[in-house]
Amino acid sequence: MMNSINLYIVVPCYNEEDVLGETSRQMLLLFDEMKADGLINEKSRIVFIDDGSKDKTWSIIDSLSNEHTEIAGIKLAKNAGHQNALLGGLMTVKDDCDCAISIDADLQDDIHVIPDMVNAFIDGCDIVYGVRDNRETDTFFKRSTAEGFYKLMGAMGVKIIFNHADYRLMSRRALEEFSKFPERNLFLRGMVPLVGLKSTSVYYHRNERFAGESKYPLKKMISFAFDGITSFSISPIRLISSLGATVCVISVIMAIYAFVQKLMGHTGAGWASLMMSIWFLGGVQLLSVGLIGEYIGKIYKEVKRRPRYIIEEYKNDKK
Ligand code: UDP
Ligand code: MG
């Protein structure tokens with residue numbers, strides 16, 4: 001069994017002056033407990049990343065890191081957005097730790113499952129997903145849209161962990177493999193499962209934000225969801241192709257209908273030919289757009305330059 005883990009907790013912060021005091025207090029308490037239990041070692045750190053905040057966030061992080069050896073800070077040059085800030089933090093610490101846990105600054109995710117995550121890591125897991133057990137604390141709207149989104153992603157073939165956001169443990173090795181994903185449009189909760197390796201989930205109860213307000217207003221939430229879909233799936237493009245095919249079939253039916261109407265003398269001059277061409281051309285146009293989309297979809301997959309495989313084990317005893 002591995003003992004005394006060098007754990008890094010990575011916390012992106014954007015305008016979080018109201019929560020940092022309490023968050024660091026609770027995390028330091030947890031660190032003390034875990035050290036007393038011999039779970040983590042003296043080199044473990046809590047790293048706050050200031051994502052270009054406009055308030056006192058950085059000066060608070062700065063003084064916290066002066067007061068406590070356990071606390072470290074990273075300051076981003078400008079606001080990069082949650083996903084980028086988180087990745088920046090993880091990639092900065094990956095060579096200093098055995099494993100890193102990412103968590104939001106507002107303590108909505110229960111920090112008391114962190115020891116469970118570390119234990120799962122000790123048991124050999126490279127990725128431990130924090131999964132919320134229910135969404136009671138969410139409004140009906142947030143709950144139904146969020147759960148609908150996870151289901152939609154699943155239906156489009158994206159392997160995403162249901163009700164898991166960005167609260168997770170990654171081993172140094174998983175982080176190393178993850179650094180090979182060079183893409184620019186980040187949707188971490190969809191990308192991490194692509195690494196594979198041994199993983200598990202721990203379940204927790206999600207609280208309400210205890211101070212400050214959400215940095216994810218509805219507009220950002222929608223654009224994040226849209227990013228998630230378009231960064232992972234080309235099924236919207238396929239949708240155009242199938243729509244085109246459907247319209248083409250309808251155009252045949254409409255052509256027969258228009259022709260019959262014309263034979264029966266129910267039509268004005270030019271109506272039948274117009275009807276036929278509108279439907280037929282519409283179908284052909286959609287099909288063509290879909291076809292071009294197929295190629296764009298391929299280009300899009302290529303430019304991502306995601307690693308094509310990740311080796312979990314190389315056994316070569318006779319070497
Ligand atoms: N955050 C960030 N950069 C941004 C927006 C948000 O680093 O541009 C951080 C924020 O400080 C918090 C986390 O991302 O630690 C999640 O944000 P929030 O809790 O407001 O989102 P919600 O829980 O409402 O979805
Ligand atoms: Mg939050």
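Indexing begins at 1, ligand by ligand and atom by atom, following the structure's order.
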Colleague: Please list the nearest protein heavy atom to atom 19 (O) of ligand 1 with its residue and the distance rounded to 0.1 Å.
Modeller: Asp106 OD2, 2.5 Å
Colleague: Between Glu70 and Lys35 (salt bridge meaning N to carboxylate O under 4.0 Å), is one present in this structure?
Modeller: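 Yes.
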Colleague: To which protein heavy atom is atom 9 (C) of ligand 1 closest, and what is the distance rounded to 0.1 Å?
Modeller: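 Ranked first by proximity to atom 9 (C) of ligand 1 is Pro12 O, 3.8 Å.
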Colleague: Please determine, by modelled atom types, if Asp126 and Ser171 share a side-chain donor-acceptor pair under 3.5 angstrom.
Modeller: yes
Colleague: For ligand 1, does Glu208 get within less than 4.0 Å through its side chain, its backbone, both, or neither, judged by non-hydrogen atoms?
Modeller: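 For Glu208, no heavy atom sits under 4.0 Å from ligand 1.
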Colleague: Of the backbone atoms (N, CA, C, O) and the side-chain heavy atoms from C-beta on, which set of Glu16 has a member under 4.0 Å from an atom of ligand 1: side chain, backbone, both, or neither?
Modeller: side chain
Colleague: Output, by chain and residue number, all protein N/O/S atoms separated from the Mg ion (ligand 2) by less than 2.8 Å.
Modeller: Asp106 OD2, Gln108 OE1
Colleague: Could you check atom 3 (N) of ligand 1 against the protein and tell me its nearest heavy-atom contact, residue, atom and distance included?
Modeller: Asp51 OD2, 2.6 Å
Colleague: Pick one of side chain, backbone, both or neither for how Gln108 approaches ligand 1, counting any non-hydrogen atom pair under 4.0 Å.
Modeller: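 Just the side chain.
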Colleague: So which heavy atom in the protein is nearest atom 17 (O) of ligand 1, and how far is it from that ligand atom?
Modeller: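 Protein heavy atom at minimum distance: Tyr216 CD1, 3.8 Å.
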Colleague: Counting heavy atoms only, which part of Ala105 comes closer than 4.0 Å to ligand 1: side chain, backbone, both or neither?
Modeller: both
Colleague: Are His82 and Tyr216 an aromatic pair by the rule of ring centers under 6.0 Å?
Modeller: yes
Colleague: Cationic tip of Arg143 within the cone over Phe141's six-membered ring, i.e. under 6.0 Å and within 45° of the normal?
Modeller: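 Pair Arg143/Phe141 does not count as cation-pi.
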Colleague: Identify, for atom 18 (P) of ligand 1, the protein heavy atom at the shortest distance, and state residue, atom and that distance.
Modeller: Arg209 NH2, 3.4 Å
